[in-house]
Amino acid sequence: MQAVINPTPKDYKSEVKPTWCPGCGDFGVLNATLRGLAGMKLSPDQTVVISGIGCSSRFPHFMKTFGFHSVHGRALPVAQGLKMARPDLTVVAVGGDGDFFSIGAGHLIHAALRNIDITVVVMDNEIYGLTKGQTSPTSPHGHVTKSTPYGLLASQFNPIATALSLNVSFVARGYSAKPKDLAALIEKGIQHKGFAFIHALSPCPTFYHTFDAWDAAVTSIPGDHNTQDRNSALALALETEKQFTGLFYQEERPTMDQAAHAQMLQAKSFDINQYMQRYA
């Protein structure tokens with residue numbers, strides 16, 4: 001690949017046609033991601049998109065960047081490992097609510113603690129679409145599906161509140177029906193030096209049509225919100241009547257990849273015999 005001068009979103013789009021259902025919110029998230037990369041003027045051959053398994057995790061096929069379609073729930077370990085090995089690359093991990101909040105939930109905890117410089121875009125439709133309509137961690141309590149015919153008995157997972165409680169250094173939410181606003185958040189997330197978590201509301205018109213409900217509930221974060229105040233951000237995240245979108249919280253702090261590479265540059269020669277004598 002060659003670097004693109006003054007790129008447009010089309011420069012990051014592959015020849016593979018998206019295979020999502022008509023009206024899927026993931027089209028809007030893809031559009032926003034393409035806009036975000038173009039806005040950053042990132043070179044496609046210096047950008048990697050990594051996904052897990054699910055409808056949204058088909059993302060890498062539809063982009064002209066490098067990509068890695070990993071196994072279910074493992075996008076974060078792959079993305080973190082790549083960034084540690086190649087800190088010069090821009091690494092974006094994408095997936096759905098099942099991928100990140102169910103089988104991959106444990107990886108979210110460690111990614112937050114490490115604060116490695118990657119950007120995560122979670123497409124949340126509150127349903128398992130690829131397997132034809134079962135409840136996911138973000139499905140609301142009482143939701144009736146093929147897997148919960150008498151209604152979901154579990155509580156609903158709160159992605160933003162969870163990210164804030166894990167001390168994630170960049171926490172934001174966008175809406176697929178507002179791709180320009182979401183693109184701006186993706187740009188900010190990539191520019192952020194640290195772990196950037198972007199929750200993207202992305203309705204599934206086939207198995208759980210939430211467009212009307214989210215159109216009514218989506219509200220921009222108040223302009224006077226202090227993005228360095230975690231408690232204030234948490235209060236917005238816990239709001240049940242509204243779905244606030246925008247930047248909830250941002251904090252610049254050392255990243256694990258930067259610290260690790262700094263230590264490597266300062267590393268002294270290692271004497272294995274001396275090391276073994278300490279524990280003989």
Side-chain angles (χ1 to χ4, degrees), residues 20-29 32 52-57 72-73 75 94-109 112 120-166 168 171-179 181-182 185 197-222 232-246 248-249:
W20 296 313
C21 299
C24 177
D26 292 354
F27 283 102
V29 182
I53 296 295
C55 296
S56 54
S57 289
H72 199 193
V94 299
D97 40 295
D99 224 21
F100 283 101
F101 307 143
S102 182
I103 189 171
H107 299 302
L108 180 62
I109 296 171
V120 172
V121 180
V122 185
M123 283 157 271
D124 185 1
N125 54 18
E126 298 186 351
I127 200 76
Y128 284 159
L130 188 67
T131 51
K132 307 299 184 285
Q134 298 81 22
T135 54
S136 86
T138 54
S139 297
H141 179 77
H143 190 48
V144 176
T145 70
K146 296 174 182 177
S147 62
T148 54
Y150 302 107
L152 179 62
L153 301 179
S155 298
Q156 185 177 28
F157 183 85
N158 187 320
I160 297 294
T162 300
L164 290 167
S165 70
L166 291 173
V168 172
V171 181
R173 178 191 281 142
Y175 182 28
S176 64
K178 297 185 176 183
D181 294 341
L182 180 55
L185 290 175
F197 176 89
I198 301 172
H199 181 223
L201 300 173
S202 183
C204 173
T206 303
F207 295 107
Y208 190 29
H209 197 296
T210 54
F211 272 110
D212 292 342
W214 282 346
D215 282 346
V218 164
T219 305
S220 296
I221 290 176
S232 177
L234 187 58
L236 294 174
L238 294 175
E239 170 66 51
T240 58
E241 297 299 321
K242 298 178 181 179
Q243 291 274 13
F244 284 107
T245 57
F248 284 77
Y249 182 76

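Atoms considered below: every heavy atom in the structure, side chains included; atoms not considered: hydrogens, waters and symmetry mates.
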Assess the residue pair L108 and F197 against the criterion (side-chain contact (heavy atoms from CB on, under 4.5 Å)); give the C-alpha distance rounded to whole Å, side-chain angles, the decisive distance to 0.1 Å, and a yes or no.
CA-CA 10 Å; L108 180 62; F197 176 89; 4.2 Å; yes
For [X] versus [Y], what's the shortest heavy-atom pair and its separation?
{"X": "H199", "Y": "P159", "value": "NE2-CG, 3.6 Å"}
{"X": "S56", "Y": "G96", "value": "OG-N, 3.1 Å"}
{"X": "P179", "Y": "G28", "value": "CB-O, 3.8 Å"}
{"X": "V168", "Y": "A112", "value": "CG2-CB, 3.6 Å"}
{"X": "F248", "Y": "A233", "value": "O-CB, 3.4 Å"}
{"X": "S147", "Y": "T135", "value": "OG-N, 3.1 Å"}

[X] side-chain N/O to [Y] backbone N/O, donor-acceptor pair under 3.5 Å:
{"X": "W20", "Y": "C55", "value": "yes"}
{"X": "Q156", "Y": "T138", "value": "yes"}
{"X": "R173", "Y": "I198", "value": "no"}
{"X": "T245", "Y": "Q243", "value": "no"}
{"X": "D124", "Y": "L201", "value": "no"}
{"X": "T148", "Y": "H143", "value": "yes"}
{"X": "H141", "Y": "A154", "value": "yes"}

Determine whether [X] and [Y] make a side-chain contact, defined as any pair of heavy atoms from C-beta on separated by less than 4.5 Å.
{"X": "P203", "Y": "H209", "answer": "no"}
{"X": "Y150", "Y": "V144", "answer": "no"}
{"X": "C21", "Y": "F27", "answer": "no"}
{"X": "I127", "Y": "S136", "answer": "no"}
{"X": "V29", "Y": "V121", "answer": "yes"}

Going through the distances and angles, do S176 and D26 end up as a side-chain contact (heavy atoms from CB on, under 4.5 Å)?
CA-CA 7 Å; S176 64; D26 292 354; over 6 Å; no
Just by distance, no angles: are the side chains of D215 and Y175 close enough, under 3.5 Å, to form a donor-acceptor pair?
yes
Can a side-chain donor-acceptor contact be found between N125 and S202 if the only test is distance below 3.5 angstrom?
no
Could you state the interatomic distance from [atom1] ([X]) to [atom2] ([Y]), rounded to the nearest 0.5 Å?
{"X": "M123", "Y": "D99", "atom1": "CE", "atom2": "CG", "result": "9.5 Å"}
{"X": "W214", "Y": "T219", "atom1": "CH2", "atom2": "OG1", "result": "14.0 Å"}
{"X": "E126", "Y": "L152", "atom1": "CD", "atom2": "CG", "result": "11.0 Å"}
{"X": "T145", "Y": "K132", "atom1": "OG1", "atom2": "NZ", "result": "14.5 Å"}

Hey, mind stepping through D181 and L185 against side-chain contact (heavy atoms from CB on, under 4.5 Å) and telling me if it holds?
CA-CA 7 Å; D181 294 341; L185 290 175; 5.9 Å; no
K242 NZ: over 12 foreign heavy atoms closer than 6.0 Å
no
Evaluate K146 against Y128 for side-chain contact (heavy atoms from CB on, under 4.5 Å), listing each step before the verdict.
CA-CA 10 Å; K146 296 174 182 177; Y128 284 159; over 6 Å; no
